[in-house]
Amino acid sequence: MINFTFENPTKIIFGRGTELKVGEEVKKYGKKVLLHYGGGSIKKTGLYDRVIDSLRQAGVEAVELGGVMPNPRLGLVNEGIKICREKGIDFILAVGGGSAIDSAKAIAVGLPYDGDVWDFFSGKAQPKEALPIGVVLTIPAAGSEASPNSVITKEDGLYKRGMYSKLIMPVFSIMNPELTYTLPEYQTACGTADIMAHIMERYFTNVTHTDLTDRLCEATLKTMIKNVPIALEEPDNYNARAEIMWAGTVAHNGLLGTGRIEDWASHNIEHEISAIYDVAHGAGLAVVFPAWMKYVYKNNLDRFVQFAVRVWNVEMNFEEPERTALEGIERLKQFFKKIGLPVSLKEMNIGDNRLEEMASKCTNGGKSTIGNFVKLNREDVYNILKLAR
């Protein structure tokens, strides 16, 4: 286990009816809020009205900016920054899933910055201040409700890049599992792959003596494996939805990565896919992760054997441990397939014509590598994309 510092200041307000508390939480930080959300689903479900009413009762004025899309766009972020400056906004409330939250985070750091907010995502600058952010979560997936991360897509050039800063940790996140009852099956499945990928990016490490976090990762994965089929079969099963929602937060709030060197190669590869083809992030991860596993498993066979045995209950083949590892990878792939996700680029109607472009973008034109479990260069990324076909 390596040295670490763990700090997560986000206040989690979890359970039935908790969205009714949003006004009293927001007023602790500001009086004029940017209400940031996606499409019309929050209005159809009545959540919008409940949030507006709670803000009004607390004496908080709301200025709205809807229209956040999956793989949130830089253009809308810049529009949000402009609105916040013109209207004197002092707090941002994201109502939705990871896209709305990530867009809100980008607006929060862009508002006090004199330059282009994309500087933070391209690595040219680091934010020094940010507006406070709150969340009403409706989609368990990205884990952005309690993470220091934001991922934005730049329309010009089709680049999808992430930013890390503790300044963008939400001050509170309201999480009512009932708000996820109306999620389409495919959206639930995509969120599942995203949550599991967040865990696996941490689980596959070469650091030894990580017994506690190994078991925490395995328990969170098994919680997803058990409860996702229940939620798909019974969309209004509160207990299953609650387990999934909390697992999504734990998967990405930093706890599971303590004492470990994390990987993140699969996420970087998938970002190139969703940047160009605008596919759901979770769907892309369901395709990329098994391909990455098949490409790297021999570099630390013991860890993949452990994954197969502990997470997927594969019977250990002591004479041929490689078979055990491969069976674990196959069971992950079949699980994704069972819950309705694609497991190949072909299933997402993605051909071979831009694989080299994606591999090049992913590795800064071949000048850098990605990942820590195995350092991957441009050729490696290209080979993984070919495996994912």
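One-based numbering along the sequence shown.
- Distance alone, capped at 3.5 Å, is enough to place a donor-acceptor pair between the D102 side chain and the V151 backbone.
- Under a 4.0 Å N-O distance rule, the pair K11/E25 qualifies as a salt bridge.
- A tilted orientation is assigned to the rings of F304 and W292, their planes being inclined by 30° to 60°.
- Here K82 does not pair with E79 in a salt bridge; the nearest charged N to carboxylate O distance is not below 4.0 Å.
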Worked check of salt bridge (Lys or Arg N to Asp or Glu O under 4.0 Å) between D116 and K154: CA-CA 12 Å; D116 184 350; K154 183 180 182 181; 5.5 Å; no

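- In terms of heavy-atom proximity, L34 sits nearest to C84 at CD2-SG, 3.7 Å.
- Side chains of D263 and N372: a donor-acceptor N/O pair is absent below 3.5 angstrom, by distance only.
- Between the side chain of T10 and the backbone N or O of P170 there is at least one donor-acceptor pair closer than 3.5 Å.
- Distance check, rounded to the nearest 0.5 Å: NZ of K105 to CE of M169 gives 7.5 Å.
- V77 and I92 fall within a single hydrophobic cluster, where Ile, Leu, Val, Met, Phe, Trp and Tyr side chains are chained together by heavy-atom contacts under 4.5 Å.
- Atom CZ of F4 and atom OG1 of T213 lie 8.5 Å apart (nearest 0.5 Å).
- In this structure, CG in N268 is found 9.5 Å from CG in L376, a value given to the nearest 0.5 Å.
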Check step by step if side-chain contact (heavy atoms from CB on, under 4.5 Å) holds for R389 and S344. CA-CA 5 Å; R389 290 181 301 175; S344 68; over 6 Å; no

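- When every heavy atom of L74 is checked against every heavy atom of V117, the shortest pair comes out as CD1-CG1, 3.6 Å.
- Proximity of a side-chain donor or acceptor of S165 to a complementary backbone N or O of P127 within less than 3.5 Å is not detected.
- Checking N377 against E379 by side-chain atom types alone, no donor-acceptor pair falls below 3.5 Å.
- E272 has no carboxylate O lying under 4.0 Å from a charged side-chain N of K361, or vice versa, which leaves the two without a salt bridge.
- In summary, E262 and R202 engage in a salt bridge, as defined by a charged side-chain N under 4.0 Å from a carboxylate O.
- A tilted orientation is assigned to the rings of F120 and Y113, their planes being inclined by 30° to 60°.
- In this structure, T180 contributes its side chain and I139 its backbone to no donor-acceptor pair below 3.5 Å.
- Look at D214 and R260 and you find a salt bridge, because one of the NZ, NE, NH1 or NH2 atoms lies within 4.0 Å of a carboxylate O, short of that distance.
- Checked by atom type and distance alone, the side chain of T223 pairs as donor or acceptor with a backbone atom of A219 at under 3.5 Å.
- The shortest non-hydrogen separation linking P229 to M224 is CD-O, 4.1 Å.
- Using a cutoff of 4.0 Å between basic side-chain nitrogens and carboxylate oxygens, R323 and E327 are not scored as salt-bridged.
- A salt bridge does not link D90 to K31: none of the charged nitrogens lies less than 4.0 Å from a carboxylate oxygen.
- No hydrogens or angles considered: nothing links the side chains of S54 and E19 as a donor-acceptor pair under 3.5 Å.
- When atom types are taken as modelled, the side chain of N317 and the backbone of E319 share a donor-acceptor pair closer than 3.5 angstrom.
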Chi angles and distances behind the ring pair (Phe, Tyr, Trp, His ring centres under 6.0 Å) call for W118, Y159: CA-CA 11 Å; W118 186 251; Y159 289 95; 7.4 Å; no

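- Interatomic distance, CD1 of I384 versus NZ of K294, reported as 12.5 Å (0.5 Å rounding).
- For E356 and K386, the salt-bridge test fails: no basic side-chain N is under 4.0 Å from an acidic carboxylate O.
- Considering CG of L255 and CG of N8, their distance stands at 9.0 Å, rounded to 0.5 Å.
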Quick one: do W264 and I370 satisfy side-chain contact (heavy atoms from CB on, under 4.5 Å)? Show the steps, please. CA-CA 8 Å; W264 298 102; I370 61 167; over 6 Å; no

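- In this structure, W246 has its ring center at least 6.0 angstrom away from the ring center of H252.
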Go through it in stages, so that I can follow the logic: the residues are R73 and E155, the test is salt bridge (Lys or Arg N to Asp or Glu O under 4.0 Å), and I'd like the CA-CA distance, side-chain angles, deciding distance and then a yes or no. CA-CA 7 Å; R73 309 302 201 269; E155 299 94 329; 5.2 Å; no

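- A donor-acceptor distance shorter than 3.5 angstrom exists from the side chain of S173 to the backbone of E145, with no hydrogens or angles considered.
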Walk me through whether R303 and T210 qualify under side-chain contact (heavy atoms from CB on, under 4.5 Å). CA-CA 11 Å; R303 180 146 290 272; T210 54; 3.7 Å; yes

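- In this structure, I244 is a member of the same hydrophobic cluster as L137, with clusters built from ILVMFWY side-chain heavy atoms closer than 4.5 Å.
- Atom CD1 of I52 sits about 8.5 Å away from atom NZ of K43, to the nearest 0.5 Å.
- A tilted orientation is assigned to the rings of F307 and Y203, their planes being inclined by 30° to 60°.
- Note: F172 and F91 have parallel aromatic rings, judged against thresholds of 30 and 60 degrees for the angle between ring planes.
- In terms of hydrophobic clustering, with Ile, Leu, Val, Met, Phe, Trp and Tyr side chains grouped at heavy-atom distances under 4.5 Å, I83 and L93 are assigned to different clusters.
- Residues L158 and F121 do not share a hydrophobic cluster, clusters being chains of Ile/Leu/Val/Met/Phe/Trp/Tyr side chains in contact below 4.5 Å.
- Other residues, nucleotides and ligands contribute over 12 non-hydrogen atoms within 6.0 Å of the CD atom of E347.
- Seen from the ring of Y181, R241 does not count as a face-on cation partner, given the 6.0 Å and 45° thresholds.
- Using a 4.0 Å cut-off between charged side-chain N and carboxylate O, K21 and E24 make no salt bridge.
- Annotation: N353, atom CG; neighbour count of heavy atoms from other residues, nucleotides and ligands within 6.0 Å is above 12.
- Under the 3.5 Å distance criterion, with hydrogens and angles disregarded, no donor-acceptor pair is assigned to the side chains of D302 and Q306.
- Taken together through direct or relayed side-chain contacts under 4.5 Å among Ile, Leu, Val, Met, Phe, Trp and Tyr, L332 and L301 form part of one hydrophobic cluster.
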